[in-house]
Structures are given as C-alpha cells and as structure tokens.
Amino acid sequence: MSTIHTFQASKTKAILTLLQGCNTLKRLRKIHAHVITNGLQHHPSICSKLLNFCAVSVSGSLPYAQLLFHYHIPNPQTQDWNSMIRGFSQSPSPLQAISYYNHMLSSSSASDSPPDTFSFSFVLKACERVRAESKCREVHGVVVRHGYDMDVVVCTNLMKSYAGNGSVDNARRVFDEMSERDLVCWNSMISCYSQAGLHHEALNIFSLMRNQNVGLDGFTLVGLLSSCAHLGALNTGVTMHELARQKGFLGSVYVGNALIDMYAKCGDLDGALCVFERMRKRDAFTWNSMIVGYGVHGRGDEAIYFFEKMMMAGVQPNSITFLGLLCGCSHQGLVEKGVDYFHMMSSKFNIKPGIKHYGCLVDLFGRAGKLEKALHVIRASHAQDDPVLWRTLLSSCKIHKNVEIGEVALKNLIRLGSSNAGDYVLLATIYFRAKDADGVSRMRKLIKNQGVRTAPGWSWIEVGDQVHKFVVDDKSHPDTEEIYRKLEVVVQRAALHGYLQEESLIRACEFTSIDTNCSGTSGSCHSEKLAITFGLARTPEGTCLRIVKNLRVCRDCHSFTKFVSQAFNREIIVRDRVRFHHFKGGLCSCKDYW
DNA sequence: TTCTACCCGC
C-alpha cells in the first residue's frame, strides 16, 4: 500500500512538473493521456490540479477543462467547481461561470461540495462583468445563508460587484455592515466611489480612515490622488504627496504616476514635472501622464518633447500616448505634426486608430479652419455613424462660422437619430453669427418640438482643504449673499479694464434659454463667475485661482476671466471639459481659440 | 486558488 502511495506521489509530482512547462493544447492532451495510461485519472489531487490548470492558466483551455470536469470527475469537490467558476469568470463568456455556480448549488452532492469564500468571490466577479445586479443580490443572499457575510474578502468582492453594477449605495451598505474591515476593504470602498465618479465621497472615506486610525498604503494613496485629480483638489493632493513622502511610498511607480496625473489635472505642470524628474523607474503610464498632461494644456510642443524622450527611453507607446499627442497638436494648431503622428501610430507602432483618435483628427483640422478636410476625415474613417465625430465638426463650424458644413454635420446627427437640443443651439449660433434669421427660427422650432434638456453646469474651487461647488445662479452656498455682493464689485472692476458682457451671444441664447456651451441660462450667473468671486474673496492677494468645470467655458465667461486676471492681478487656471485655460494679465493661454 | 491602484472617457 505504502509503495503504491509513494509511486503515486512521485507520479503526481512528475505530472505537476510537466503541467508547469505545458504551453500548448497538444502537450496538455499528451499529459492527460499520460495521466490515463498511468491509471491516475481517478486520483483526485491529479485531476483537480489538471482541471485547475486547464481552467485558469493562460496556456490552458476552457473547453478541455469542461471535458475533464464532465467526463473525468464524477464527484466534483468545491475546489473543482471553483476552478470552473473562476475560469469562466475571467473568460469572454462569464455567464458560464454563473451557470456553473448555479449547478454547484443545485447539484445532488451540494452538501459535499458547498460553496466557499472562493466560489463566492469568483461568481461575484462574473456578476460584475455581465452587469447582473439581480444575480449579485441573489448571491448576496446565499452568502448570508452560508454564514459568509462576515468574510472580509467575500464582502470586498460583494462591494466591487455592486459598485460595478452601478449600485454604489449597496456597496456602501455592505461596507457599513461589516464587523471587521481590513485595509483592502477600505481601499476598495474608495475605488468604488471613484469608479462611480463620486470623488467627494472617496475623500470622505479617507477622513473616516484617519478617525479610525486605519493607516494607509500605496493603493489608498493612488485612489485618493485619482479623486483629487478629478476634483482639481490641488491642496488635498499636496497633502497626499506629503503623506506619501512621510510613509515612504514615493518609490512606487503607481504612486508616482498618480501624483503626476494629479498635478497635471490640477493645472500644476511644474509640480508634475518635479515628480517626474525624481522618479527612478518610469513606465508607459508615467510618460503618458506627462504627454496627456501637456496635451490638455494645449502645449503640443512639450507633449512632443516628452514623446521623443519616451522613444529614447525605449518605452512602447500605446493608444493613450497618441491621444495625448493629437490633443496637444490640435489645441496648439500643429496640424502637420498631428497628421504625422496620426499616420505614425499605425505605420510605425502598429496601433489601430480608434474612434477617439479620429475625433482628435477631425478636431485638428476643424480648429485650424480646414473644415473640408475634417469632413473628409469623417467620411474616410469608416465611422460616419458615430455622432461624436459629427458633433466635433459642428463645434468647429461654430468657431469658423461655417453654415454649409455645419448643416451637413447636423443633418448627419439627425440621420443617426442622436441630435439633441445642444446641437440645434450650436447651429443656431452659427446662423445667428451669419445673420441668417431664417436659420435661427428653423432651429428654434426644432428645439421647441424636441424640448430642452441640458446638463447642469457647475464649477468647483478648492479653498484650503475644502472643495466648494457652485451651480448656475447658485443660492445654496452658505455665503451666498456675500458672494453676490462681491460679484457686483468684481464685474465693475473688470468693466473698468474693458470687460463688456457679450450681448450678442446672450441674445443668441435667449430664445432657447440655454446654450450648451455655457453653464446655464442667458442673463443668469454662470457657475465659474461665482467660483472666481468666491476665490477672490477667500484667498490672499496674488495667489492663483484654480477652477474646474464640467462644461466648456462660454465666451462671456472667458472674456470675464481675462479681465479679472488683469484687474485683480491674479493667475486663474480654468479646467473645462476638454482643456485648460491659463489666464494671466488679461490674456489666456488658448489665445481665444477653444 | 479569492479582494484594492496609475494614463483615455464615460
């Protein structure tokens, strides 16, 4: 008996060694044949290992795993089910994982092979991938019935699965009900919020962590820095930077990359550069963060400079690298360079341009006034059915007051059934500037028929460690009265330097009571004026104001901000939906071209 | 065997 056992043990070991070196299906078949000829096919450990390898390893084969599972494992144990669920949860058909999980629960031997921590974790991943929220709830119920609702890993997976299904509130509920939380779990809650775009909430989790002395690690910092980047919360980001230094996390490439991105997105390119230069190890994310950072600031030359250094460092660019480059070229008007890079990405780097790259190219030509070329790009892109490209073209037509191509763009948007009030307003503005009253009234009718729905505009400004958010005509801020009083003073002083409300544009918006390019209704107070006024009142003279807003800057606010920067001698950095504007001494870095 | 991270943009 013991001889047989020793024999089997050495065979098992030999087969496991073979499996480790196995990288083709053909070899896998050979190993399986070997298992059978040695009479080991009923050896539970061997079969489980073989199954796990087939299901999970990159060089495995899920169909082969199914074959083994259904024909060679008569009484699958929990770990065998887990192999199947895990394998399919990360495969192109995660629904199958859910199906194996269902079978596991209903199989006659369910009492011998109950689901465990792993089964739940894997099936929850599958629920997340197929966006099956109801299934996620159902699994949650089973988790509770099997007494795993105190398992910190299962709970973390539950949170992620709920959040991935768009239900952050449920994720938070799971989080709140946990009796014990580890650091991973806290980090996961931060990531759930940031994934949902709830960045204030993500930062609030960090306050809780500090109150409860949870500590932090690189994951925590990266998550929080990402939220700071989205919010434009530079001061908070600098605090994180300081924490990273104190706790010794500056050596992490992830943390360094997140810091660069945070500084760049908060409008502090010098800060980004400083972190970049001190990094010992750099990867594609590092270079991309710099290139994209300079790109969205409209500094194409520097984006190109970093791209060239990236090449010299031997780092392979990816599609994001080229988005950053193209964005920089288009905002700086580097048309030829942009075209070169567009071609280079496929010819030299074998990266297929995606819809966003075509979008950049349309923007590149459109901004430069080469509207025919922009139109040609769309027609040659095999993406004529993407509304984003036509909308980009329409915006370019507005800059260059081109009625004809603007009409073509709108026609295509209508053809695609995705035209909205914002598009009609764009074309109406073009008609208005071209003094085409008929066109304006046609658009007015379309807008009336369709009804008006606009995204609410808001602006943020960080003062101290607080981010203050303003909407159009905001009355909700505790200091509202003071802000509006101060605003009058600011407008007067800006007017002394030449600021004039842009009547023409206001009238252009009036008939619709919106301008999607503005933050709100005409004659009303746009959110960035309130944020700027608040910043002027609450920060020391001479300090830079940083505003983040969700829409594009309208012409009136752009002009207002220029004069304010001059009248109050302040540098004002505005990050809009697409790019940065650096206002200083009455001028803007975009050269009034955005 | 399981859980959390950076570049795009939703």
Side-chain angles (χ1 to χ4, degrees), chain A residues 48-49 51-53 55-57 78-87 89-90 115-125 128 148 151-161 163 166 171 174-175 178 181-197 202 205 216-230 249 252-262 264-265 272 275 279 282-296 306 310 315 317-327 354-357 359-360 388 550 577-578:
Chain A
S48 284
K49 286 279 192 318
L51 177 72
N52 186 264
F53 178 86
V56 173
S57 158
T78 296
Q79 57 175 334
D80 303 320
W81 287 104
N82 288 353
S83 292
M84 298 311 287
I85 299 170
R86 181 184 180 193
S89 78
Q90 57 199 27
D116 64 2
T117 311
F118 299 102
S119 328
F120 292 126
S121 298
F122 300 142
V123 77
L124 283 168
K125 171 169 272 179
E128 190 192 338
Y148 280 93
D151 184 308
V152 69
V153 175
V154 171
C155 284
T156 307
N157 278 306
L158 262 174
M159 285 160 53
K160 188 168 148 47
S161 196
V174 172
F175 178 80
M178 290 170 73
R181 302 186 193 100
D182 62 5
L183 186 51
V184 173
C185 179
W186 283 95
N187 291 344
S188 186
M189 194 64 241
I190 291 176
S191 125
C192 288
Y193 275 130
S194 101
Q195 198 190 339
I205 291 292
L216 85 178
D217 64 6
F219 284 87
T220 325
L221 287 168
V222 169
L224 294 171
L225 283 166
S226 161
S227 286
C228 291
H230 282 97
F249 290 113
S252 152
V253 186
Y254 282 101
V255 172
N257 293 347
L259 277 167
I260 292 178
D261 181 52
M262 181 278 293
K265 289 234 173 73
V275 174
M279 282 173 72
R282 298 178 184 132
D283 61 12
F285 283 81
T286 320
W287 291 99
N288 285 353
S289 297
M290 293 304 287
I291 292 168
V292 172
Y294 279 101
V296 296
F306 278 96
M310 180 184 189
V315 179
N318 60 27
S319 69
I320 310 287
T321 317
F322 286 95
L323 280 182
L325 276 173
L326 291 172
C327 175
I355 194 81
K356 287 171 202 152
H357 299 95
C360 286
V388 176
N550 63 334
R577 195 163 52 80
V578 178

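The sequence lines fix the lettering, A, B, ..., with proteins before strands; numbering per chain opens at 1.
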Quick one: list whatever passes side-chain contact (heavy atoms from CB on, under 4.5 Å) with A/Ile320, sequence neighbours left out.
A/Asn288, A/Val292, A/Asn318

Residue set satisfying salt bridge (Lys or Arg N to Asp or Glu O under 4.0 Å) with A/Asp261, at least two apart, ordered chain then number -> A/Lys265

In whole Å, I'd like the distance from the CH2 atom of A/Trp81 to the C1' atom of B/dT1.
17 Å

Please report, rounded to the nearest Å, how far the P atom of B/dT4 is from the CG atom of A/Leu158.
13 Å

Aromatic ring of A/Trp186 stacked on base six-ring of B/dT4, 5.5 Å, 30°
no

Please encode protein proximity along nucleotides 5-10 of chain B as a string of B, S and -, counting only heavy-atom distances under 4.0 Å.
BBBBS-

Length of the line joining A/Asp217:CG and B/dC3:P, which is rounded to integer Å:
15 Å

In whole angstrom, give the distance that lies between atom CD1 of A/Ile190 and atom P of B/dT4.
14 Å

Base B/dT4 paired with A/Ser188 side chain (donor-acceptor, <3.5 Å):
no

Rounded distance in Å - CZ (A/Phe175) to P (B/dT4):
15 Å

Set of side-chain hydrogen bond (donor to acceptor under 3.5 Å, both in side chains) partners for A/Asp151, sequence neighbours left out
A/Thr117

cation_pi(A/Arg86, A/Phe118) dist<6.0 Å, angle<=45:
no

Partner set under side-chain contact (heavy atoms from CB on, under 4.5 Å) for A/Asn157, not counting sequence neighbours:
A/Ser121, A/Leu124, A/Val153

Once you round it to whole Å, what is the distance between P of B/dT4 and OH of A/Tyr193?
18 Å

Name all residues meeting the side-chain contact (heavy atoms from CB on, under 4.5 Å) criterion together with A/Val275; count only those two or more places apart in sequence or in a different chain, and write none if there are none.
A/His241, A/Leu259, A/Ile260, A/Tyr263, A/Met279

Output the rounded distance in Å from CG (A/Leu124) to P (B/dT4).
12 Å

